[in-house]
Each structure stands twice: as structure tokens, then as C-alpha cells.
Amino acid sequence: MALRFYNTITNKKEDFVPLEKGKVGIYVCGITAYDMCHIGHARSAVVFDVIFKYFKYRGFDVTYVKNFTDVDDKIIAKANAEGTDIIEISERYIKEHNKDMDKFGIARPTITPKATENIQGMIRLVSDLIEKGLAYVVDGDVYYSVKKFQGYGKLSGRNIDEMMAGARIEVDEKKKNPLDFILWKSAKEGEPWWVSPWGRGRPGWHIECSVMSQRFLGETFDIHGGGRDLIFPHHENEIAQSEGATGKTFARYWIHNGFIRVNQEKMSKSLGNIFNMREAMERYHPEVLRMFMLHSHYRSPVDFSEESLADARLGMERFYDTLRNIERYLAMDVDFSAVSPRNLTSGDEEMYNKIRSLPERFIEAMDDDFNTARALGYIFDAVRVINGYYTDKTFKATKESLFVLNEGKTIMREVGNVLGLFMEEPDEYFEQDRRREAEKLGLDIDEIESLIKERWEARVARDWRKADEIRDLLISKKIILKDMHDRTSWSVA
RNA sequence: GGCGGCAUAGCCAAGUGGCUAAGGCAGCGGUCUGCAAAACCGUUAUUCACCGGUUCGAAUCCGGUUGCCGCCUCCA
């Protein structure tokens, strides 16, 4: 079956046929580097990170380009406010971006170009558009003449006349048409500039993506992505610029991710309901945040709330609990290296085959518009099957059964690699989780552990009353105990 | 004002023409356990906002109603 996904420009799911067999080129609009990343940036990053990794998993040779906008009004404003230049500001936030993204388990894209490294290319493209009659110069500014481009509006599903009837179009004396957008801005006092045929100035926002995508992926390339809000005007304008200049199709497939909402509203600076990535990662393990995002389809909006994060945390706990149990068995030091699927007998063989079916189910889900929610459902199925296997009374740790359990771990890691989940050692995961949760509740870990030790001694002495008293005390502090044959583990409810 | 999206159990969430409407959380009954917790087994939507229509057949397609949201301004 073919990999298919929703293409914004046609409004339907389509089979993916790459330009060149076995290869895929993806361009995604990255951040404007003037502030810390918030979880909305994280969602977009996760969506395309998973798409990037999935293409690789399916054997594609992927070139993934994600840019940094490092010259822009907001960066200039911040630089002026701090009495520094745009380079310092953008460098600072690119560094912070990389720190956050690394911690979030986002793989670095193949190429991460910056706008300021591509100014000459932008000047060439703008000149080209002027020559073709698609752009005009007014007092050192260059505008794109929207009416001159036939396909304007084809991505966002609008037409120029309808938009003209709209009530919220700014009036700019210099523009021939209110919808015309700026390609090159003349420099004002205190602004950075580059020399151009139209005088000193700097590029408009949209032009950089046309230039950098073409430079690294070609005039026509496979996939262009970004957040939903970029469809109009940003991506619409990129099409106008690129196709206007080359006369060729720009991106063949468009992928747009949905937003993170807070209380049913879009998370945005103007509403003041932003959660930044760093703070979110202090409160939740990055994989919990990924789980929360991946549990809904990438095009749907998702509501960021304590409840949904708590849900995602419980889900991760379930996954890691299974992985931890598998690890315990594998630590039994039984050599199963000589075992092959062929010398398994009935029960083990059946289980092995069930476990082995996970990757194909995972592919079936992911091939259908990157359906991570369905894929997660399949992983939960696999976890239930594995848990049932080793908790069955007849289960014995033999080299065959450990071989099967090891396969379960391998398979979970295999699909987890694509989703960016289960990257942690289970014990380390739970350790981190306890620390994080204890901190949220202001609990003292040493105190908890000494109480648990005391209770363990009471249990060894079969002093159930004392043991239960201690447990009740801990429960009142939201500490849940789990007695195992050799020790008691704990977690925060 | 223009354009577009969404509405599935107590909650989150897949499913977009046809086997019993995935999965997670919570709940209930059981197994296990000193008792718990976790795990496992069973159970929890005759029904997919509402009203009509198309079809042998619709949560899925069409029309209408209601509600929520997004884009049209920087925005992932």
C-alpha cells in the first residue's frame, strides 16, 4: 500500500509519488528568532520530526530543510530595545531553540539555512519578478503585484475579489492593490540593510522561503510544510513568488499542522496564553508532551490542559512499565542469542508472531496520513499482549520466552524511534518522573524513601498494621506504592 | 463581511459508504496480592450535535439548523 497524506492544495488525501524515486525533499517554515519557543512551535516541530523520521523509516533518502528567519521587524525591534544588533538577538534565540528542540527529541533537519545567508539570492529573485512584470518598485520598496499572478489564492482557496470585499485589509498608499505584498523594504534609520538595485534595504518576510527552498531542493520539490496559520498569506505568497519566477510548480504537496489551544482558544501572544517549551518540559517529561501531541491527528487542534497532560503521562507510564518489566527479565542473564523464530514452540511462537505484527500495523496507520493516534492504539494493543504473556501463571523465563520478550522490546523501540518515544531507559524515566512530580507537590524524596524503607522492614516482620499505616500516610501525600517481590517502588498519583 | 474547519461514551481520541464504532483515562465485576498498587480477564456508545435527503446499506455523501473554533494583521 502506498503512503498517502492530506494535501492542503487539493484538499484531499493523495498517494505520495516523489519527484525522484526513493527520495523526498521537505521544506518547513521554521521560527523567527526573537523569543523563546512555545509549545506551539514544539507541536509543529514534532509533527514534521515524525514525518521526517517516518520517511526515513520507510527507506526514503530525505532532505529536510527548515529555515531560521533572522531578519525581521520583531528582531529589529528587540535589538533596538536592547541596544544591540539583530545578529546577537537571532543567534541567542536560535541557540535556545536548538537547546529546547534537542531536549524534546527533535532530530536536527538536514539543512537549517538562515535568511541573512541568502540575501543575494533574494535580490536575484526580486529582480527576476520585476523583469517579468510581476513586481514594481515604489521609493525603494518592491511590491508583488498579486493581480498579475494567475493562480493567486489557489492554496488558501480564496480569490482576490472576495478578499477585496473583506473588511480587514490595510490601506497602504504605495500599493497598487491592497493585497500586494512587500518583497523588499527600503531601510529606515536604525535598521539593518543590504545594498540592492533599489537602494539600501532588507527582504520582506515571504521571499526567503522561496529562495532557500529553491536553493536546497530545486524549483519544484516534494513537500512544503508549516503551521496552519501560514497558509495565508505566507505560503500563498511563496507560491506567487516562486511560480511567478519559474513558471513551474513550486511544492507538490502541502502539509499543515493544527494548533495548540488553551481553553478552546488558539494559543497566541495576543491572548497571552502562551506556554513556553522550557517551562512545559520542567513540568512534564518531553515524551509526555510528545505523547500528548501524537495522540491526536496532526491536523486537528489539541487542547493543552492539565487533564490531557495527565492522561498522556499515564499512557507513558503504561508503556514504560512494560518496558521496565521486560528489562527485569532480560537482566536474568539467560543467553537467548542462539534462539531463532524457527525453534519456538506453540505459545512462544504465537506470541512472537503477534509481536511481529506491530510494525506492519504501525505502517498501515502511518501510511494513512501519518495517523499517529491510530499507531499509538496499536502500540497499546501490543503492550497488553506482552503484559498478558509474562504475567500468565504458566510463564517461565526460558531462553525462548526471553527471546520473545526481547523482540517485544526491540519492536517497541523500533516504532518508538519514529515517534520519538521510549528513548529513555525505563528506570531513568520513572526516576525523572518521580523527581518532577515530587517537586510539583513539594514532597521530600528522601523522607518518602526512608518511610518506604521503614515500611519494608515492618512488612518483613509481618507487621501489617504498621506497614499499612505508613502506606496510608504516603497515600495522603499522593504517593502510590507498588510492592514487588524484592522491593517497593513508588510513584506520584 | 468573505473563506474554511470541527461536533463520536463521564473525559481524551481513531474511524469518512458495508464484518462486532480502534485505543487511552476514569468506573464497575473478577483473577492476582497479607491487604493494596500495577498487570491480566470481563464489562461500560443499538449509536456517532439536531432535522431532512441520496443509497440495498451512512458516524461516514448531499441540503438545512444549532454550537464551537480558525484564517483574512505578526503568528507553528
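- Distance noted for atom P between B/rG63 and B/rU54: 15 Å (whole Å).
- With B/rG23, B/rA38, B/rA76 as the candidates, the nucleotide lying closest to the side chain of A/F380 is B/rG23.
- In terms of phosphate contacts, A/N371 brings a side-chain nitrogen or oxygen within less than 4.0 Å of OP1 or OP2 of B/rG15.
- Among the heavy atoms of the strands, none lies under 4.0 Å from A/H234.
- Under 3.5 Å, the side chains of A/Y389 and A/D392 contain no donor-acceptor pair of N or O atoms.
- Straight-line distance between the P atoms of B/rG1 and B/rG10: roughly 35 Å, to the nearest whole Å.
- The side chain of A/A373 sits closest to B/rA13 out of B/rA13, B/rC35, B/rC75.
- Pairing partner, B/rC61: B/rG53, with both Watson-Crick or wobble hydrogen-bond distances short of 3.5 Å.
- The six-membered or imidazole ring of A/Y6 lies away from that of A/F370, with a centre-to-centre distance of 6.0 Å or more.
- In this structure, A/Y298 atom OH and B/rA14 atom C1' are separated by 15 Å, rounded to whole Å.
- With 3.5 Å as the limit, one finds a donor-acceptor pair spanning the side chains of A/D367 and A/Y54.
- Nearest nucleotide to the A/K482 side chain, out of B/rC72, B/rA38, B/rA76: B/rA38.
- Within the nucleic acid shown, A/M267 comes within 4.0 Å of at least one base atom, counting heavy atoms only.
- Taking the ring centroids of A/F216 and A/Y27, they lie at or beyond the 6.0 Å cut-off.
- Following rounding to the nearest Å, A/L376 (CG) and B/rG23 (P) show an atom-to-atom distance of 14 Å.
- Residue A/R384 is in sugar-phosphate contact alone, with no base atom involved, counting any heavy-atom pair closer than 4.0 Å across all strands shown.
- Using a 4.0 Å heavy-atom cutoff across all strands shown, A/F259 reaches at least one base atom of the nucleic acid.
- What separates NE2 of A/H256 from P of B/rG4 is a distance of 17 Å, to the nearest Å.
- Nucleotides B/rA58 and B/rG18 are separated by 11 Å at their P atoms, to the nearest Å.
- The same atom, C1', is picked in B/rC48 and in B/rA37; the two are 36 Å apart, to the nearest Å.
- Within 4.0 Å (heavy atoms only), A/D468 reaches at least one base atom of the nucleic acid.
- Where A/D311 and A/S268 each meet RNA chain B at their nearest nucleotide, the meeting point lying more 5' is that of A/D311.
- When the C1' atom is used for both B/rC69 and B/rG29, the distance is 41 Å, rounded to whole Å.
- Base contact: A/L481 has a heavy atom under 4.0 Å from a base atom.
- In this entry B/rC32 has no Watson-Crick or G-U wobble partner, no candidate having both defining distances under 3.5 Å.
- A/D381 comes within contact range of the sugar-phosphate backbone alone, with a heavy-atom separation under 4.0 Å but no base atom that close.
- Nucleic acid contact for A/G40: base, since at least one base atom lies under 4.0 Å from a heavy atom of the residue.
- Using a 4.0 Å heavy-atom distance criterion, A/R455 is classed as a base contact.
- A salt bridge (charged side-chain N to carboxylate O under 4.0 Å, His left out) with A/R202 is found for one member of A/D72, A/D73, A/D141 and no other, namely A/D73.
- The partner of B/rG70 is B/rC3, judged by Watson-Crick or G-U wobble contacts that both fall below 3.5 Å.
- B/rA76 is unpaired under the criterion used here, namely a Watson-Crick or G-U wobble arrangement in which both key atom distances are under 3.5 Å.
- A donor and an acceptor atom sit less than 3.5 Å apart, one in the side chain of A/R471 and one in the base of B/rA36.
- With C1' as the reference atom, B/rU33 and B/rA45 are 34 Å apart, rounded to whole Å.
- Ring geometry, A/Y152 versus A/F181: the interplanar angle falls under 30°, so the pair is classed parallel (tilted spans 30 to 60°).
- The residue A/R318 sits close only to the backbone: its heavy atoms come under 4.0 Å of sugar-phosphate atoms, none of a base.
- A residue-by-residue look at A/D483 and A/A375 shows that A/A375 has its nearest nucleotide of RNA chain B further toward the 5' end.
- The base of B/rG70 has none of its N or O atoms less than 3.5 Å from a complementary donor or acceptor on the side chain of A/R261.
- Counting to the nearest Å, the P atom of B/rG24 and the CD1 atom of A/I379 are 12 Å from each other.
- Protein atom NZ of A/K466 is 22 Å distant from nucleotide atom P of B/rA36, rounded to whole Å.
- A donor-acceptor pair shorter than 3.5 Å cannot be found between the side chains of A/H206 and A/E236.
- Proximity note for A/D229 (side chain, C-beta onward) versus B/rA14, B/rC75, B/rC72: the nearest is B/rC75.
- Remark: B/rA14 base-pairs with no nucleotide in the shown strands. Criterion, Watson-Crick or G-U wobble with two distances under 3.5 Å.
- Side-chain proximity of A/L314 to B/rC25, B/rA13, B/rC71: nearest is B/rC25.
- Following rounding to the nearest Å, A/I274 (CD1) and B/rC74 (P) show an atom-to-atom distance of 16 Å.
- Within 4.0 Å (heavy atoms only), A/T391 reaches sugar-phosphate atoms of the nucleic acid but no base atom.
- Look at CG on A/N387: it is 15 Å from C1' on B/rU31, rounded to the nearest Å.
- Pairing for B/rU43 is with B/rG27, a Watson-Crick or G-U wobble pair whose two hydrogen-bonding atom distances lie under 3.5 Å.
- The distance from atom NZ of A/K13 to atom P of B/rU16 is 6 Å, rounded to the nearest whole Å.
- In this model, a donor atom of one side chain and an acceptor atom of the other lie less than 3.5 Å apart for A/D483 and A/T488.
- As rounded to the nearest Å, B/rA21 and B/rU8 have C1' atoms that lie 8 Å from one another.
- Across all strands shown, A/S300 has heavy atoms under 4.0 Å from sugar-phosphate atoms exclusively, and none from any base.
- Taking atom C1' in both B/rG15 and B/rA7, the straight-line distance is 15 Å, to the nearest Å.
- Remark: ring of A/W464 overlaps the six-membered base ring of B/rG34 in a stacked fashion, centroids less than 5.5 Å apart, planes less than 30° apart.
- Pairing for B/rC48 is absent, with no Watson-Crick or G-U wobble pair whose two atom distances lie under 3.5 Å.
- Counting any heavy atom pair closer than 4.0 Å across all strands shown, A/I260 reaches a base atom.
- No side-chain N or O of A/Y320 forms a donor-acceptor pair with one of A/E424 less than 3.5 Å apart.
- Across all strands, A/K266 comes closer than 4.0 Å to base atoms (heavy-atom distances).
- Closest to the side chain of A/D321, out of B/rA26, B/rA39, B/rA14, is B/rA39.
- Side-chain atoms of A/N67 and A/E208 form a donor-acceptor pair, as typed in the model, at a separation below 3.5 Å.
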